[in-house]
Amino acid sequence: MSTSPSPNKAFYRALVLVIGGLSVGILVLALLVTTSGPRVRHVAVQNQSGDEIASVGQGLTVVFDRPIEGTDFESTIEFEPEADHTVSHRQGQLSITFDQNLLSNTEYVLTIKPELEDDLGRRMEREYSHEFTTEEPSFTYLERNYGRGAVDRIIQRAPISGESQVLFGEDRIKNFARNGRYLAVIVPSRDNSDELRVFDLGTLEERSVDISPNVRVDNLRFSPTDNQLVFIPRALGADVGDPDSEAFADNNKLYRYDIDGEQLQPVDTSSDKGNVESALYSRDGQALLYKTIDGSYYLTGATRTTETTPLGIYEASGGFDRTNTKIAFQFGNDVTIYDAQAKESQELPDIGSGGSISAPTFLHNSEELLYLWDPLNEKEGTTTQVYVASADGKVEEQVVESQPPERFFDNPVISYDDRYVLVEATSEPSKFELDDYAGNRQPEDTRLILYDRFERKVINSETHGIDPVWNR
């Protein structure tokens with residue numbers, strides 16, 4: 001009689017081999033762990049969209065396979081290109097916070113030197129590298145179309161790739177503001193009053209804000225950190241002098257609207273009387289700088305009631321620096337930098353000598369100021385130009401040329417990485433030849449000039465639009 005191996009014996013033999021293999025693998029892994037130093041498991045990104053990461057408010061978390069120790073974590077971290085950063089440590093993680101906005105559309109390399117140890121003194125075996133790419137910059141602007149039957153459009157544009165997307169359209173659009181999730185749009189009515197709408201960029205849902213009738217909406221500004229915005233109602237017609245009207249009660253007061261909570265309330269200012277001319281947020285969204293009709297500036301809380309601080313009388317302000325402690329003010333050709341923390345002022349006299357200047361704005365990654373200089377007498381070869389001034393008053397011209405030569409106006413707008421500048425330009429020789437949008441009249445032929453500060457050249461001048469804002 002022939003014999004053959006029992007199926008049960010074959011099964012158990014295979015099982016023994018599998019168990020033996022697993023045991024060997026576990027022993028090898030245990031040996032590696034006990035003899036080698038810490039290893040990076042993965043790098044988590046704070047703000048990421050697809051394969052690219054945001055360049056504003058960014059941070060990284062490096063996760064190791066065990067708790068790590070060291071005396072100088074800062075020196076073990078390097079970036080190429082260089083980027084100012086802060087490193088904090090907690091058990092098996094390193095948290096990296098960038099102290100500046102990263103360059104847009106740029107490939108970065110994070111390198112961790114093999115100087116970290118675990119609690120038994122075992123060092124990393126080798127250097128670790130992680131590559132990431134930041135998003136392409138983009139901006140949003142208002143395109144007014146004056147032809148019969150044409151509609152105005154709010155457009156988002158990525159200038160490097162040339163991609164554009166229409167975000168919103170309406171017969172007439174007076175102005176807009178935006179953050180990452182919402183558009184706030186001012187639509188003029190036939191009776192010359194304004195309607196304030198909020199448009200959700202994700203769900204495409206639209207709602208109207210319940211503001212007083214018979215008012216125009218001015219100074220629309222989004223908080224840089226949350227879904228709140230501020231604006232100033234301006235009463236129209238007979239309501240301006242009628243103390244019993246709702247518009248009179250709200251006239252020239254600063255209001256805050258919380259989109260998430262759908263709450264509208266006045267901001268606590270220095271006076272209950274309506275006398276606010278303009279307002280803007282600090283870069284961290286915690287403070288509001290507002291100007292009254294008599295030219296006085298005040299500082300107050302943006303999210304909670306705080307004591308209002310008077311700052312003095314100035315012509316205009318370009319707002320806060322990156323630390324949210326310094327504010328740039330303009331009076332004529334002179335600039336004052338006020339340090340709200342030290343309560344000290346620094347004067348930069350005559351940086352606009354020979355012309356007039358726009359309100360200087362701090363760059364995002366330095367203490368330098370950006371502004372527009374307009375000559376008093378346009379001699380041959382002398383045109384409106386963009387300038388950057390250092391904190392000690394040293395001035396550098398940014399040679400922004402348009403073809404054909406045109407007049408620049410309003411305030412230049414700097415990208416978050418300080419590389420690109422958007423300037424509004426018109427061929428109209430006079431500031432008074434404007435369209436009929438009451439409350440925000442603009443030259444009909446306005447174009448946006450896009451200038452690369454690093455390459456020192458204009459890279460686009462064909463975009464027809466006004467009121468550009470860089471997207472975060």
Side-chain angles (χ1 to χ4, degrees), residues 84 100-101 103 137 280 283 289 291 295 297 311-340 342 344-403 405-426 431 448-459 461 468 470:
D84 294 340
Q100 65 178 72
N101 296 334
L103 295 173
L280 52 83
R283 297 190 178 187
L289 175 70
K291 178 185 180 183
Y297 275 90
L311 302 179
I313 296 177
Y314 299 96
E315 184 178 336
S317 174
F320 296 79
D321 73 340
R322 59 178 176 170
T323 67
N324 298 290
T325 60
K326 296 179 180 180
I327 307 170
F329 291 105
Q330 172 221 346
F331 200 98
N333 292 330
D334 298 335
V335 173
T336 297
I337 300 176
Y338 177 73
D339 189 327
E344 297 176 349
S345 296
Q346 176 188 356
E347 305 296 332
L348 301 180
D350 299 324
I351 66 171
S353 180
S356 60
I357 62 173
S358 63
T361 302
F362 282 105
L363 299 187
H364 296 282
N365 288 336
S366 76
E367 298 298 310
E368 294 178 307
L369 295 162
L370 179 77
Y371 60 95
L372 202 64
W373 177 83
D374 198 14
L376 296 177
N377 298 306
E378 293 191 10
K379 301 177 182 179
E380 184 177 353
T382 303
T383 59
T384 309
Q385 200 50 264
V386 179
Y387 282 84
V388 170
S390 64
D392 59 4
K394 183 180 179 181
V395 173
E396 178 184 356
E397 181 180 358
Q398 313 290 290
V399 184
V400 183
E401 297 179 344
S402 63
Q403 295 297 330
E406 296 177 301
R407 179 175 64 83
F408 300 154
F409 67 97
D410 213 341
N411 296 312
V413 185
I414 188 76
S415 62
Y416 285 97
D417 61 358
D418 292 340
R419 176 166 185 169
Y420 302 102
V421 180
L422 281 166
V423 187
E424 294 172 273
T426 175
K431 298 179 181 179
L448 300 178
I449 310 297
L450 180 62
Y451 176 73
D452 187 332
R453 294 182 60 234
F454 294 178
E455 297 291 335
R456 296 180 178 271
K457 65 180 182 180
V458 171
I459 58 177
S461 60
W470 289 97

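Going from atom CD1 of I337 over to atom OG1 of T325 covers 10.5 Å, rounded to the nearest 0.5 Å. Of the inter-residue distances, the one linking E368 atom CD with L363 atom CG reads 5.5 Å to the nearest 0.5 angstrom. Summarising the geometry, atom CZ belonging to F320 is positioned 14.0 Å from atom NZ belonging to K326; distances are rounded to the nearest 0.5 Å. Taking CH2 of W373 as the reference point, atom OG of S353 lies at 8.5 Å (rounded to 0.5 Å). To the nearest 0.5 Å, the span separating OG on S366 from CG on D418 amounts to 5.5 Å. Put simply, CG on N411 and CG on L422 are 12.5 Å apart, with the number rounded to the nearest 0.5 Å.
Using a cutoff of 4.0 Å between basic side-chain nitrogens and carboxylate oxygens, R453 and E397 are not scored as salt-bridged.
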Worksheet entry | Working for side-chain contact (heavy atoms from CB on, under 4.5 Å), residues T361 and Y371 | CA-CA 6 Å; T361 302; Y371 60 95; over 6 Å; no
Practice prompt. Kindly indicate, with the supporting measurements, whether the criterion side-chain contact (heavy atoms from CB on, under 4.5 Å) is fulfilled by V395 and V388.
Written response: CA-CA 6 Å; V395 173; V388 170; over 6 Å; no
Discussion item. Using side-chain contact (heavy atoms from CB on, under 4.5 Å), reason through D417 and H364 one step at a time and then give a plain yes or no.
Written reply: CA-CA 7 Å; D417 61 358; H364 296 282; over 6 Å; no
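Summarising the geometry of D334 relative to P349, their closest heavy-atom pair is OD1-CA, 3.4 Å, with the distance given to 0.1 Å. Annotation for Q100 and D84: closest pair OE1-N, 3.1 Å, computed over non-hydrogen atoms. Residues G319 and L280 approach most closely at CA-CD1, 3.8 Å, considering heavy atoms. Across E315 and K291, no two heavy atoms sit closer than the pair O-NZ, 2.6 Å. Counting all heavy atoms, side chain and backbone alike, P360 lies closest to A328 at O-CB, 3.6 Å. Counting all heavy atoms, side chain and backbone alike, I449 lies closest to S461 at CD1-CB, 3.5 Å.
In this structure a side-chain-to-backbone donor-acceptor pair under 3.5 Å is present from Y297 to S317. A donor-acceptor contact shorter than 3.5 Å links the side chain of N324 to the backbone of R283. The main-chain N or O of V413 is found under 3.5 Å from a side-chain atom of W470 such that the two form a donor-acceptor pair. Side-chain N or O atoms of Q346 include one that pairs as donor or acceptor with a backbone N or O of A391 at under 3.5 Å. Of the possible donor and acceptor atoms, none in the side chain of D374 sits under 3.5 Å from a partner among the backbone N and O of S356.
Screening I327, L369, T323 against F362 for a side-chain contact (heavy atoms from CB on, under 4.5 Å) leaves a single residue, L369. Each of N101, I414, L103 was checked for a side-chain contact (heavy atoms from CB on, under 4.5 Å) with N365, and the lone residue meeting it is N101. Between Y314 and the choices F331, F329, Y338, the ring-ring contact (aromatic ring centres under 6.0 Å, His included) rule is met once, by F329. Of the listed residues (L348, T336, I357, I351), just one forms a side-chain contact (heavy atoms from CB on, under 4.5 Å) with Q330, and that residue is I357.
When side chains are defined from C-beta on, V458 does not count as touching L450, because their heavy atoms never get closer than 4.5 Å. Taking the side chain as every heavy atom from C-beta outward, Y451 and Q398 approach each other to under 4.5 Å. In this structure the side chain of V423 never reaches within 4.5 angstrom of the side chain of F409, judged on heavy atoms.
Under the rule for a side chain to side chain donor-acceptor pair (under 3.5 Å), the partners of D392 that lie at least two apart in sequence or sit in another chain are S390.
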